[in-house]
Amino acid sequence: NAGVTQTPKFRVLKTGQSMTLLCAQDMNHEYMYWYRQDPGMGLRLIHYSVGEGTTAKGEVPDGYNVSRLKKQNFLLGLESAAPSQTSVYFCASSLPGFERKSPLHFGNGTRLTVT
Amino acid sequence: GNSVTQMEGPVTLSEEAFLTINCTYTATGYPSLFWYVQYPGEGLQLLLKATKADDKGSNKGFEATYRKETTSFHLEKGSVQVSDSAVYFCALRDTGTASKLTFGTGTRLQVTL
């Protein structure tokens with residue numbers, strides 16, 4: 001019972017490098033999200049998707065891009081990493097938005113350091 | 001817009017002490033309310049939830065009651081254990097497109113022997 005799986009778990013980048021974080025869920029959830037967690041700021045939404053082929057911006061989308069080519073996968077890309085993107089990134093999935101009683105299910109996170 | 005405010009931590013308690021972590025919210029619709037727990041090095045796990053006013057969510061000895069009149073969802077436990085040491089997040093999920101989760105900033109709990 002995998003749930004939400006994120007890869008990689010850790011990554012160190014130099015400023016200007018690019019990378020892609022992968023999120024996979026096996027719960028057949030329509031909605032998927034990318035959050036970042038920074039000390040004292042809780043979790044902030046970067047991008048989200050309400051279904052295969054759709055994406056939308058969250059609170060802090062600048063510097064990130066996403067793609068949802070398959071229902072079970074949601075990719076987060078950094079085209080040119082900056083030190084301000086040093087953070088822990090969490091992917092989550094859920095039932096559709098009208099199912100507000102349903103919680104989000106989270107992966108274990110990716111710790112990214114940009115030097 | 002929606003927002004969640006939690007008491008600042010860290011909260012340090014002795015084992016078997018009573019725990020309260022305050023959470024208040026503002027929302028435009030009729031939200032569901034959640035408490036998530038994050039153990040060191042792990043992701044967020046759902047601890048409990050309440051989906052309408054006066055509902056009480058409970059799990060593992062933790063409880064929280066959805067109080068619409070005070071817009072609060074305080075987390076309580078009668079007797080904490082060292083294994084409860086973690087960061088606790090209050091969150092709401094409102095109606096509307098995408099129905100995103102809005103989080104508080106988290107409260108770190110440290111329980112000592």
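Numbered from 1 within each chain, the chains take letters A, B, ... in sequence-line order.
A donor and an acceptor atom, one from each side chain of Ser102(A) and Arg93(B), are nowhere located under 3.5 Å apart.
Nearest heavy-atom pair across Gly42(A) and Phe89(B) is CA-CE2, 4.1 Å.
Within the 4.5 angstrom heavy-atom criterion, atoms from both the backbone and the side chain of Leu44(B) approach chain A. Only the side chain of Gln37(A) comes within less than 4.5 Å of a heavy atom of chain B; its backbone N, CA, C and O stay farther away. Heavy-atom distances place both the backbone and the side chain of Leu43(A) under 4.5 Å from chain B.
Taking 4.5 Å as the heavy-atom cut-off, none of the residues of residues 52-62 of chain A approach chain B. Annotation: residues 105-115 of chain A contacts chain B through Phe106(A), Gly107(A), Asn108(A) [non-hydrogen atoms, separation under 4.5 Å].
In terms of hydrophobic clustering, with Ile, Leu, Val, Met, Phe, Trp and Tyr side chains grouped at heavy-atom distances under 4.5 Å, Tyr39(B) and Ile21(B) are assigned to a common cluster. Under the 4.5 Å side-chain heavy-atom criterion for grouping Ile, Leu, Val, Met, Phe, Trp and Tyr, Leu78(A) is not connected to Leu45(A) through any hydrophobic cluster. When hydrophobic clusters are built by joining Ile, Leu, Val, Met, Phe, Trp and Tyr residues whose side-chain heavy atoms come closer than 4.5 Å, directly or via intermediates, Val66(A) is grouped together with Ile46(A). A continuous path of Ile, Leu, Val, Met, Phe, Trp and Tyr side chains, each step under 4.5 Å between heavy atoms, connects Met7(B) with Val37(B), placing both in one hydrophobic cluster. Cluster annotation: Phe74(A) is not connected to Phe90(A) through the hydrophobic network of ILVMFWY side chains, with a link wherever side-chain heavy atoms come within less than 4.5 Å.
For the pair Leu101(B) and Tyr35(A), the minimum side-chain heavy-atom distance is below 4.5 Å.
Chain A forms more heavy-atom pairs under 4.5 Å with one residue of Glu42(B), Gln6(B), Glu8(B), Gln45(B) than with any other, namely Glu42(B).
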Do Phe34(B) and Leu104(A) pass the side chain to side chain contact (heavy atoms under 4.5 Å, CB included) test, and can you show the C-alpha distance, the side-chain angles, and the key distance before you say yes or no? CA-CA 10 Å; Phe34(B) 304 86; Leu104(A) 272 61; over 6 Å; no

